[in-house]
Amino acid sequence: MHGKCTRAVKEKFKQIQYRQTMKKFKFYFVALFATVLFASCGTTRTVPITGRQQSLMVSDEQVLSLSNQQFAEYMKSAKASTNATNTQMVKRVGQKLATAVETYLKNNGMAADVQNYAWSFNLVQDKNINAFCMPGGKIVVYEGLLPVTQNEASLAIVLGHEIAHAVARHSAEQMSTKIKQQYGTQIGGAVLGALGMGSTTTSIIQAVAQQGFSFKNLKYSRDHEYEADHMGLIFAAMAGYDPQVAVTFWQRMASASNNNTSELMSDHPSDANRIAMIQKWMPEALKYYRPAVTTTTTTKTTKRTAAKTTKK
């Protein structure tokens with residue numbers, strides 16, 4: 001009788017060990033699966049100018065499709081500016097920047113990226129001091145911003161910043177972050193499930209949808225804002241605009257917004273820190289700056305030269 005009890009205890013102990021071993025195996029299998037999943041999903045690319053490496057889990061086609069839909073919806077309700085002079089200025093400055101950016105991309109082995117942009121520069125009736133850019137180059141400037149920019153060079157600083165968000169794929173990066181977070185939730189649920197602690201069934205699509213993702217209202221991280229400042233400063237210089245006006249522009253922005261919010265409490269950098277970083281990047285930006293020679297000046301010079309030649 002004693003021997004039978006001993007054998008039963010040993011058998012029960014083996015069963016417990018087997019179940020524990022299988023749970024450990026499931027745990028390590030799921031962990032390995034998670035590692036492989038994150039390693040195989042998405043693409044890695046280098047951000048122009050800054051050289052930062054980023055991992056994207058959404059394609060350009062997916063982002064551009066959503067962006068075009070949202071832009072079309074926004075423009076249905078937005079009121080275009082009736083000021084023809086200012087509207088043309090926004091389009092003119094924006095196109096000069098777009099041309100400079102595309103030239104840079106083509107000359108630096110990124111010609112394939114150019115096909116992702118269908119530039120559109122729009123001035124709308126809105127008193128707020130703001131501008132935004134959707135993926136693919138759909139840019140909107142509010143009329144309320146122009147009294148602060150005051151001149152084309154300062155407007156170029158703003159548009160360069162917005163264009164930089166598009167070129168750096170910041171929207172796609174934020175979407176990828178949300179997807180990774182959801183993957184983490186699902187994988188965590190799978191691991192807990194392997195340990196007998198329940199599972200999660202929420203899908204990635206539902207998670208992104210629940211976030212109410214909107215490019216128009218998207219708040220980038222402070223790191224993204226700094227990167228857009230850096231790239232935008234150089235884009236403006238490439239287009240022939242003096243990047244040094246960025247300092248006085250942001251000083252005016254600080255006065256206009258009365259921004260007393262701590263940088264740690266905001267997605268945007270503090271005005272003081274933003275200006276300090278711009279001054280740090282200024283020597284680099286100035287290397288790209290070539291003052292534009294106006295057609296008018298050249299024409300007048302030619303006419304004067306011709307007149308002198310005639311008198312002789």
Side-chain angles (χ1 to χ4, degrees), residues 46-51 81 85-123 130-143 145-146 148-170 224-253 274-275 277-299:
T46 302
V47 178
I49 304 293
T50 66
S81 173
T85 301
N86 287 340
T87 298
Q88 287 304 313
M89 177 180 66
V90 169
K91 293 183 181 296
R92 180 174 61 254
V93 175
Q95 193 54 57
K96 286 179 67 175
L97 282 159
T99 300
V101 169
E102 290 189 356
T103 299
Y104 172 82
L105 294 175
K106 291 175 181 177
N107 292 340
N108 287 273
M110 293 172 277
D113 289 356
V114 174
Q115 66 182 357
N116 293 319
Y117 305 112
W119 304 103
S120 175
F121 301 94
N122 307 272
L123 181 64
N130 198 17
F132 65 86
C133 177
M134 292 187 181
K138 302 295 189 293
I139 294 178
V140 174
V141 176
Y142 292 1
E143 285 185 327
L145 180 67
L146 298 186
V148 184
T149 55
Q150 296 184 1
N151 54 66
E152 290 195 19
S154 294
L155 177 61
I157 296 299
V158 176
L159 293 181
H161 173 97
E162 297 303 333
I163 287 174
H165 278 311
V167 174
R169 305 285 205 284
H170 286 160
H224 283 172
E225 289 296 331
Y226 279 129
E227 187 167 59
D229 281 346
H230 183 183
M231 296 171 65
L233 196 68
I234 291 175
F235 289 161
M238 287 178 180
Y241 295 103
D242 186 357
Q244 296 175 100
V245 304
V247 175
T248 53
F249 163 70
W250 282 110
Q251 288 171 344
R252 291 197 298 274
M253 278 289 288
R274 174 168 250 154
I275 291 171
M277 292 303 294
I278 286 172
Q279 290 173 326
K280 176 183 176 182
W281 296 317
M282 193 60 66
E284 179 187 2
L286 287 172
K287 293 179 181 179
Y288 292 89
Y289 177 47
R290 297 291 182 274
V293 179
T294 62
T295 305
T296 303
T297 302
T298 304
T299 303

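Just so you know, these numbers come straight off a predicted model, no measurement behind them.
Under the rule for a side-chain hydrogen bond (donor to acceptor under 3.5 Å, both in side chains), Thr103 has no partner lying at least two apart in sequence or in another chain. Taking Glu102 as the reference, nothing meets the salt bridge (Lys or Arg N to Asp or Glu O under 4.0 Å) condition, with sequence neighbours excluded. Judged as a salt bridge (Lys or Arg N to Asp or Glu O under 4.0 Å), and not counting sequence neighbours, the contacts of Glu152 are Arg92. By the side-chain hydrogen bond (donor to acceptor under 3.5 Å, both in side chains) test, Thr87 is found to be paired with no residue, residues two or more places apart in sequence or in another chain being considered. Qualifying side-chain hydrogen bond (donor to acceptor under 3.5 Å, both in side chains) partners for Thr248, counting only residues two or more places apart in sequence or in other chains: none. Qualifying ring-ring contact (aromatic ring centres under 6.0 Å, His included) partners for Trp281, counting only residues two or more places apart in sequence or in other chains: His230. Residues passing the side-chain hydrogen bond (donor to acceptor under 3.5 Å, both in side chains) test with Gln279, sequence neighbours excluded: none. With sequence neighbours excluded, no residue forms a ring-ring contact (aromatic ring centres under 6.0 Å, His included) with Tyr288.
Applying the side chain to side chain donor-acceptor pair (under 3.5 Å) test to residues at least two apart or on different chains, none of the pairs has a partner in residues 105-114.
Contact between Gly240 and Tyr289 at its shortest, heavy atoms only, is O-CE1, 3.5 Å. Contact record, Phe235 with Ile49: CE2-CG1, 4.1 Å, taken as the closest heavy-atom pair. Across every non-hydrogen atom of Ala237 and Ala285, the tightest pair is CB-O, 3.4 Å. Nearest heavy atoms, Met231 versus Pro48: CE-O, 3.6 Å. Contact between Ile278 and Leu233 at its shortest, heavy atoms only, is O-CD2, 3.9 Å.
Here CG of Asp242 is found 12.5 Å from CZ of Arg290. Values are rounded to the nearest 0.5 Å. To the nearest 0.5 Å, atom CE of residue Met282 and atom CD1 of residue Ile234 are 10.5 Å apart. Taken from OG in Ser120 to NZ in Lys91, the straight-line distance is 6.0 Å, to the nearest 0.5 Å. Note: Tyr226 OH to Met277 CE = 6.5 Å, rounded to the nearest 0.5 Å.
Not a single donor-acceptor pair under 3.5 Å links the side chain of Lys138 to the backbone N or O of Phe121.
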Taking it one step at a time, do Phe132 and Ile139 satisfy side-chain contact (heavy atoms from CB on, under 4.5 Å)? CA-CA 6 Å; Phe132 65 86; Ile139 294 178; over 6 Å; no
For residues 153-168, which side-chain donor-acceptor pairs fall under 3.5 Å, sequence neighbours excluded?
residue	atom	partner	partner atom	Å
Ser154	OG	Thr149	O	3.4
Ser154	OG	Asn151	OD1	3.1
Ser154	OG	Arg252	NH2	3.2
His161	ND1	Asp229	OD1	2.8
His161	NE2	His165	NE2	3.1
His161	NE2	Glu225	OE1	3.0
Glu162	OE1	Cys133	N	3.3
His165	ND1	His170	ND1	2.8

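For the pair Val47 and Arg169, the minimum side-chain heavy-atom distance is 4.5 Å or more. Annotation: side chain of Gln251 is in contact with side chain of Val247 (closest heavy-atom distance under 4.5 Å). Side-chain contact between Pro243 and Leu286 is present, with heavy atoms from C-beta onward closer than 4.5 Å. For the pair Val140 and Leu123, the minimum side-chain heavy-atom distance is 4.5 Å or more. Asn86 has its side chain within reach of Leu146: a pair of non-hydrogen atoms, C-beta onward, lies under 4.5 Å apart.
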